[in-house]
Amino acid sequence: MSFDHQQVEKKWQTYWHKEKTFKANTDSEKEKVYALDMFPYPSGAGLHVGHPEGYTATDIFSRMKRMQGYEVLHPMGWDAFGLPAEQYAIDTGNSPEAFTETNIATFKRQIQELGFSYDWDREISTMDPNYYKWTQWIFTKLYEHGLAYMDEVAVNWCPALGTVLANEEVIDGKSERGGHPVVRKPMKQWMLKITAYADRLLKDLEELDWPESIKDMQRNWIGRSEGAEVTFGMDGHDEEFTVFTTRPDTLFGATYAVFSPEHPLVEQITTEAQKRAVEAYQHEVATKSELERTDLAKNKTGVFTGAYAINPVNQQKIPIWIADYVLMSYGSGAIMAVPAHDERDYEFAVKFDLPIVEVVAGGDISKEAYTGEGEHVNSEFLNGLGTAEAISGMIDRLERESKGEKKVTYRLRDWLFARQRYWGEPIPIIHWEDGNTTTVPEEELPLELPEMTEIKPSGTGESPLANNPDWVNVTDPETGMKGRRETSTMPQWAGSCWYFLRFVDPDNTEQLADPELLKKWLPVDIYIGGAEHAVLHLLYARFWHKFLYDIGVVPTKEPFMKLFNQGMILGEGNEKMSKSKGNVVNPDDIIASHGADTLRLYEMFMGPLDAAVAWSTNGLDGARRFLDRVWRLIVTEDGELSGKITEVENASLEKVYHETVKKVTEDFENLHFNTGISQLMVFINEGYKAEQLPKSYVEGFVKLLSPVAPHLAEELWERLGHQGTISYEPWPGYDETKLVEDEVEIVVQIMGKVRAKLQVPADITKDELEKEALEHEKVQSQLEGKTVRKVIVVPGKLVNIVAN
RNA sequence: GCGGGUGUGGCGGAAUUGGCAGACGCGCUAGAUUUAGGAUCUAGUGUCUUCGGACGUGGGGGUUCAAGUCCCUCCACCCGCACCA
């Protein structure tokens with residue numbers, strides 16, 4: 001009787017579902033483990049073979065932890081709001097909600113068919129009003145604490161589509177749909193002040209067990225840089241402006257200043273003669289897309305404003321230019337240009353024939369900018385100093401004269417939180433006719449998304465919600481004042497910023513989650529998902545979490561203690577899977593042909609979890625072959641237990657069994673599933689060679705296999721004479737003393753090359769070992785005519801003889 | 001350009017503190033079994049070889065009794081950021 005995966009998998013999935021085998025017990029006295037997957041966006045395409053990779057990893061971890069006696073929280077939910085559903089609604093006139101519901105049903109069926117041990121009683125969906133009530137609640141708290149504000153910022157505006165687009169909808173400066181041009185347009189938008197948390201987001205990375213590469217990406221994204229703010233006066237104006245510089249020591253070399261074209265002072269200071277040129281340049285820059293702006297990176301452009309700034313340290317008049325290489329969004333939107341010691345300024349100065357003054361010796365400024373360290377020259381009181389002393393010397397001077405101060409700037413910008421979209425959480429804000437803005441009172445939350453028969457862009461740049469007067473217009477019942485609801489909705493990131501908190505207490509109607517329960521389950525012990533979320537999702541979620549920590553809602557500073565990014569599964573030709581290439585593998589097909597256990601095993605065996613590995617049908621067959629081999633070793637053709645299985649203890653498999661328990665336990669703990677599985681294979685290979693199989697080893701093996709191939713393991717466990725599930729059977733232990741053998745093999749090297757091997761007692765002394773090695777026949781013949789200079793003995797491993 | 005990473009058989013990949021390179025799987029070869037098999041079991045499988053051995057972890061150099069592992073240098077590929085003052 002062979003392993004019938006269709007029947008066995010169905011049987012145990014039904015059992016788990018009926019028995020609620022994986023329900024997490026909140027009142028448990030056991031130590032907790034919280035194993036979390038990045039929940040999916042339920043797209044219309046259904047599950048991809050990439051999804052089960054990370055899910056299997058956390059599932060193996062969760063199943064092992066249950067057997068090791070932990071209380072495990074392992075939930076799953078849906079990141080349900082998203083652009084494709086809205087686009088679908090616009091195209092077909094159907095409801096995005098119904099569309100998403102259907103997709104969720106498909107995802108859920110597919111995920112359940114893979115046999116993951118989720119506690120389905122905790123399933124959540126970000127589009128459920130009972131869920132987004134709390135997303136909105138968090139927003140109102142952010143607003144109350146001054147962390148949500150409105151500001152005029154540049155957005156991707158597509159005139160042809162009459163709507164604002166998210167960055168991911170803009171490809172090469174054109175709209176993803178239709179290929180229409182997209183321009184940057186200033187619009188009033190909701191922003192979240194993530195920059196207020198920049199320092200903490202940076203600093204607290206230290207204590208996280210995350211891949212160093214991800215931490216680095218976050219560090220770069222936050223982009224902290226230390227320097228100084230310097231105040232410049234202006235010739236003929238009372239106005240002052242500030243610049244940020246990391247090199248205040250080079251202030252004597254500042255020969256001009258550059259404003260961003262969007263800088264608010266530009267209009268005021270531009271002289272009559274330069275006015276037309278400046279306005280033309282500003283217009284040109286405004287209509288450029290991000291892509292065009294970066295495309296022109298090689299060729300600097302700019303225009304002189306006609307105005308002059310006063311260098312605060314030597315009272316020199318320097319011209320003020322505008323150029324798009326200075327960004328309004330970083331620092332103060334204005335720079336002091338030191339062409340001798342900054343590559344960008346150098347390039348600009350050469351192009352526009354501006355003076356270049358050396359203030360740090362060591363380079364050749366007639367050829368290129370010198371950004372290295374060196375002795376200061378042409379810098380009055382800084383002359384002769386090195387870079388570090390000159391920086392602090394200049395800052396001291398500026399601070400004494402109130403012309404500047406030490407300053408830290410971040411690359412991180414505030415988070416553009418509004419989308420002019422229908423399919424998202426409504427931002428719970430009312431704009432009143434008297435100009436006031438209030439949040440929707442907490443007792444009126446959730447502010448539900450109205451059902452709309454037709455979802456189409458408003459044409460004004462507002463979301464489709466602006467087309468719904470019943471929803472948009474409100475009147476204060478007490479004062480009769482009229483108001484208008486905010487029509488923007490939240491970005492998809494919002495719901496995923498805190499979903500892991502809701503899993504802890506998914507049905508709570510009074511609060512986001514019970515603080516006692518949060519205290520029990522937080523932080524997340526292991527969080528696995530794709531590296532594409534390395535920065536945004538993880539940074540946003542950390543930001544919200546820290547805010548919630550500050551207002552006393554959550555008990556931990558950080559949400560995710562350990563993070564791991566699974567790699568990508570590529571097509572057989574080593575290319576990304578895509579519909580157009582026709583190399584997409586559908587998990588449904590694999591489950592039907594090979595079974596869920598095979599898919600799980602194969603995906604874990606392909607290679608290290610974080611590597612990008614190509615799909616291989618042969619490899620998949622191999623995974624199935626291994627499970628068949630396991631089955632046949634234990635179950636006979638007639639469906640009986642193999643006669644090789646004996647109650648009697650037997651020393652022949654003892655060592656390999658204990659090795660297997662040790663290696664599998666350690667490897668699974670460290671997410672090294674490929675090597676753990678290879679050890680399971682080694683055990684089975686030995687099992688085939690053995691004449692007798694002690695039943696206790698077989699049972700231990702089935703337990704070790706069960707996190708990877710749970711259906712097969714449950715079935716074998718039952719056939720071994722047990723009742724109920726294997727899921728909470730104690731994880732096997734191993735005995736270190738069984739791992740050491742009485743005799744060990746020693747390698748004898750001559751000049752580092754292996755010439756002979758010896759079998760010796762494990763407790764042999766160094767001297768004896770050396771003696772035996774030198775007496776060995778092969779060694780003797782090799783040493784003929786040579787003098788032994790030195791013998792290195794590594795007990796238990798090798799002897800190396802140096803001779804010439 | 002900056003930051004991070006990777007490079008090992010025909011292929012995916014293993015290799016504590018430097019200590020037998022190539023575990024395990026795929027593929028391939030042979031034998032057994034079978035009416036037959038693209039099934040199963042067993043064995044073999046880095047390259048070259050005069051069968052002694054020699055060579056071999058992207059290239060070159062170094063440290064060491066000993067290097068895939070440490071150091072220097074070069075090359076290739078991947079990921080992220082990209083005028084961040």
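A, B, ... follow the sequence lines: proteins, then strands. Residue 1 opens every chain.
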Checklist line | salt bridge (charged side-chain N to carboxylate O under 4.0 Å, His left out) between A:R624 and A:D628, worked out | finding: CA-CA 6 Å; A:R624 169 65 197 221; A:D628 282 332; 3.2 Å; yes

Does the ring centre of [Y] sit less than 6.0 Å away from the ring centre of [X]?
X	Y	answer
A:Y410	A:W221	no
A:F673	A:F605	no
A:F259	A:F241	yes

Notebook entry, point to check: Taking the nucleotide of RNA chain B with the closest heavy atom to each, which residue, A:D216 or A:N574, is nearer the 5' end?
Noted result: A:D216

Distance check needed: [N] [atom2] versus [X] [atom1], whole Å only.
X	N	atom1	atom2	value
A:N220	B:G5	CG	C1'	14 Å
A:K215	B:G5	NZ	P	13 Å
A:F259	B:A85	CZ	P	19 Å

Mind checking [X] for me? I need base, sugar-phosphate or nothing, with any heavy atom below 4.0 Å counting as a touch.
X	answer
A:V802	sugar-phosphate
A:Y410	nothing
A:V613	sugar-phosphate
A:Q749	base
A:S213	sugar-phosphate

Distance test, side-chain N/O of [X] to OP1/OP2 of [N], below 4.0 Å:
X	N	value
A:R629	B:C41	yes
A:R755	B:C20	no
A:R625	B:C26	yes
A:T409	B:A85	no
A:N674	B:G12	no

Notebook entry, point to check: Would a distance-only check, ignoring hydrogens and angles, find a side-chain to backbone donor-acceptor pair under 3.5 Å from A:D342 to A:V338?
Noted result: no

Next item on the list: Indicate yes or no for a side-chain donor-acceptor contact from A:T765 to the backbone of A:E768 under 3.5 Å, with no hydrogens or angles considered.
Entry: yes

Name the closest nucleotide to the [X] side chain, picking from [options].
X	options	answer
A:T675	B:A82, B:A15, B:C24	B:A15
A:D342	B:C83, B:A85, B:A14	B:A85
A:P608	B:A14, B:G19, B:A23	B:A14
A:V754	B:G25, B:C20, B:C65	B:C20

Check: Counting only distance, no hydrogens or angles, is the base of B:C65 paired donor-acceptor with the side chain of A:N800 under 3.5 Å?
Finding: yes

Checklist line | A:Y256 and its ring pair (Phe, Tyr, Trp, His ring centres under 6.0 Å) partner, picked from A:F232, A:Y346, A:F304, A:F348 | finding: A:F348

Next item on the list: Flag the pair A:K406 and A:E229 as a salt bridge only when some basic side-chain nitrogen lies within less than 4.0 angstrom of an acidic carboxylate oxygen.
Entry: no

Check: Using atom C1' of each nucleotide, how far apart are B:G68 and B:U57 to the nearest Å?
Finding: 5 Å

Margin query: Counting Watson-Crick and G-U wobble pairs with both distances under 3.5 Å, what is the dot-bracket string for RNA chain B, 5' to 3', using [ ] for crossing pairs and | for pairs to another strand?
Written below: (((((((..(((......[....)))((((((.......))))))(((....)))..(((((..]....))))))))))))....

